[in-house]
Amino acid sequence: MDKIRVGITHGDFNGISYEIIIKALLDPRIFDLCTPVVYGSAKVAGYYKAMMPDAENFTFNIITDPEQANAKRANMIVCVDENVKIDPGQPTVISGQYAIASLNAAVRDLKAGKIDVLVTCPINKKNTTGDDFGFIGHTEYLAAEFGDAEPLMFMVSDTLKVGLVTMHIPLAQVPGAVTTEAVLGHIRALKRSLERDFNIVGPKIAVLGLNPHAGDDGLLGAEEQEVIIPAIQSAKYENILAFGPFAADGFFGSGAYRKFDAVLAMYHDQGLAPFKALTFADGVNFTAGLSVVRTSPAHGVGFDIAGKMVADAAPMRAAIYQAIDIFRNRQVFDEAAADPLQHFSKNDRNDRERGRGSERSGGHGGGSSRRSEREADVADMLEETSAVAATADTNAALAAEV
């Protein structure tokens with residue numbers, strides 16, 4: 001199997017990006033899975049490498065085109081002026097400009113098919129948002145570049161996956177942006193991504209409320225009854241396993257998220273605060289809904305610890321591995337979609353690998369067993385909830401039509 005070319009942007013170089021990039025690439029096992037190509041500055045990389053005793057023998061293979069990449073080395077395309085001042089911990093104008101230059105160069109090669117996936121290091125919105133960029137973040141920029149109208153900010157880890165209805169907008173604008181169409185559209189997008197990108201068959205999706213206690217039967221707001229529940233009901237008519245709305249605090253505090261394949265939050269901090277609290281070490285920011293694969297470590301630029309060499313590279317490694325897995329999953333899914341018989345065969349094999357069903361002895365026994373297990377799982381969840389669809393406290397929050 002061919003190794004995937006992973007393009008890596010250096011983000012804001014006055015943050016922790018070069019530290020986590022170098023630390024992640026120090027593990028030689030990563031070259032068994034991919035060929036990394038960093039878009040950045042050899043001078044800046046050398047500056048941070050000099051602070052890392054473990055990186056004494058580490059070097060980048062400098063190239064001008066991804067096709068020149070050494071499959072057994074960490075490669076770099078220098079895409080900025082090397083005459084630059086480095087100020088660890090300071091968001092400078094030049095560090096913002098270089099972050100965008102790195103991103104533009106990597107996207108150019110991604111469009112040309114010279115790299116397979118994109119892993120972005122964090123940028124600082126304050127020094128990148130302006131006339132030269134014009135976007136509030138990576139998600140919006142990539143959607144515009146690749147013509148994908150509805151990107152989904154999807155925070156993923158092995159234990160929790162959280163999608164957002166609204167992304168980088170002021171909190172005061174959130175209620176107006178949470179419409180039935182938006183919620184339903186994002187439920188659909190979550191289902192598509194879970195199936196194609198994560199190889200999950202028949203995913204179960206939890207939908208959070210907007211108001212405290214998910215509206216408390218309309219006492220604390222009407223959005224749950226008037227907007228969110230109709231979206232969930234419409235999703236169920238489309239045979240999507242969507243449940244809710246849940247009160248966010250109790251939902252995460254009680255561990256109820258473990259019963260679902262993904263969670264749909266209404267706004268940024270409602271989803272990201274619990275996600276980062278629960279899965280910071282291996283959290284990945286994945287932009288679902290794009291025609292290309294882009295991931296990023298689920299943390300910020302780290303100005304407060306820049307240059308101190310204490311940053312954890314685990315999220316960066318997770319972002320690289322996640323991009324590889326999603327790319328491979330898409331290949332398998334798309335091949336199977338073109339051949340439905342192959343699709344059923346792959347589903348059966350994947351179910352066996354996950355231990356969801358017993359070994360097949362013949363006929364359709366294995367498939368019936370898996371269906372029974374899923375129906376029992378859903379029935380168990382429904383028993384824990386009220387039959388009143390508008391009640392959204394975590395102890396009685398699941399709408400009862402499935």
Side-chain angles (χ1 to χ4, degrees), residues 122 137-139 151-175 177-178 182-183 186-187 189-191 193-194 197-198 200 203-216 220-221 223-224 227-228 231-232 241-288 295-302 312 314-316 318-319 322 381 384-385 391-399:
H138 284 106
T139 302
L152 173 68
M153 188 173 180
F154 201 5
M155 311 300 290
V156 301
S157 73
D158 289 340
T159 57
L160 176 62
K161 294 178 175 60
V162 179
L164 304 179
V165 174
T166 64
M167 295 184 291
H168 299 123
I169 64 173
L171 191 57
Q173 297 177 14
V174 168
V178 176
V183 175
H186 283 79
I187 292 173
L190 272 184
K191 177 180 182 291
S193 181
L194 289 167
D197 300 326
F198 297 94
I200 298 174
K204 298 188 291 292
I205 299 169
V207 181
L208 302 182
L210 174 66
N211 298 293
H213 303 293
D216 208 3
L220 302 178
E223 285 85 358
E224 283 73 21
V227 174
I228 299 174
I232 294 171
L241 295 175
F243 302 84
F246 290 96
D249 56 350
F251 178 79
F252 288 107
S254 67
Y257 64 87
R258 297 188 183 94
K259 298 181 180 180
F260 299 91
D261 296 301
V263 181
L264 182 62
M266 296 299 110
Y267 57 93
H268 188 279
D269 285 12
Q270 184 190 50
L272 267 64
F275 178 85
K276 291 187 178 182
L278 293 166
T279 66
F280 191 80
D282 63 345
V284 174
N285 180 358
F286 165 53
T287 306
T295 64
S296 180
H299 58 66
V301 291
D312 184 0
M316 185 65 188
Q322 193 69 256
M381 285 192 294
E384 299 172 4
T385 67
T391 301
D393 183 77
T394 301
N395 293 329
L398 293 175

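Values below: every heavy atom of this structure, side chains too, minus hydrogens, waters and symmetry copies.
- For the residue pair Phe286 and Ser193, the shortest heavy atom distance occurs at CE2-OG, 3.6 Å.
- Taking CE of Met153 as the reference point, atom NE2 of His168 lies at 4.0 Å (rounded to 0.5 Å).
- Atom CD1 of Ile228 sits about 8.5 Å away from atom CG of Leu264, to the nearest 0.5 Å.
- Not one N or O on the side chain of Ser296 forms a donor-acceptor pair closer than 3.5 Å with the backbone of Ala319.
- With contacts defined as side-chain heavy-atom distances shorter than 4.5 Å, the pair Val174/Ile169 qualifies.
- Judged by distance alone, with hydrogens and angles left aside, the side-chain atoms of Asp261 form a donor-acceptor pair with the main-chain N or O of Lys204 at under 3.5 Å.
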Step by step, work out the side chain to side chain contact (heavy atoms under 4.5 Å, CB included) result for His138 and Thr287.
CA-CA 9 Å; His138 284 106; Thr287 306; 5.8 Å; no

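- Summarising the geometry of Glu224 relative to Pro245, their closest heavy-atom pair is CG-CG, 3.9 Å, with the distance given to 0.1 Å.
- Taken from NZ in Lys161 to CD1 in Ile200, the straight-line distance is 5.0 Å, to the nearest 0.5 Å.
- Here the closest non-hydrogen pair linking Gly221 and Asn211 is CA-ND2, 3.6 Å.
- Heavy-atom minimum distance, Leu241 versus Pro203: CB-O, 3.6 Å.
- With hydrogens and angles disregarded, a donor-acceptor distance shorter than 3.5 Å links the side chain of Ser254 to the backbone of Gly250.
- Here the closest non-hydrogen pair linking Val227 and Val178 is CG1-O, 3.4 Å.
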Check against side chain to side chain contact (heavy atoms under 4.5 Å, CB included), Met266 and Val207
CA-CA 8 Å; Met266 296 299 110; Val207 181; 3.8 Å; yes

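- For the pair His299 and Asp312, the minimum side-chain heavy-atom distance is 4.5 Å or more.
- Within the model, atoms NZ of Lys191 and CD1 of Ile205 stand 8.0 Å from one another, a figure rounded to the nearest 0.5 Å.
- Between atom OH of residue Tyr257 and atom OG1 of residue Thr159 there is a gap of 6.0 Å, rounded to the nearest 0.5 Å.
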One pair to check against side chain to side chain contact (heavy atoms under 4.5 Å, CB included): Phe252 and Val263. What are the steps and the verdict?
CA-CA 10 Å; Phe252 288 107; Val263 181; 4.2 Å; yes

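- In this structure, Gln322 and Val156 have side chains that are in contact, with non-hydrogen atoms separated by less than 4.5 Å.
- Ring-plane geometry between Phe154 and Phe198 is classed as perpendicular, the angle between the planes exceeding 60 degrees on a 0 to 90 degree scale with a lower cut at 30.
- Here the closest non-hydrogen pair linking Ala177 and Thr166 is CB-CG2, 3.6 Å.
- No donor-acceptor pair closer than 3.5 Å links the side chain of Gln270 to the backbone N or O of Leu164.
- In this structure, CE on Met155 lies 7.5 Å from OG1 on Thr279, to the nearest 0.5 angstrom.
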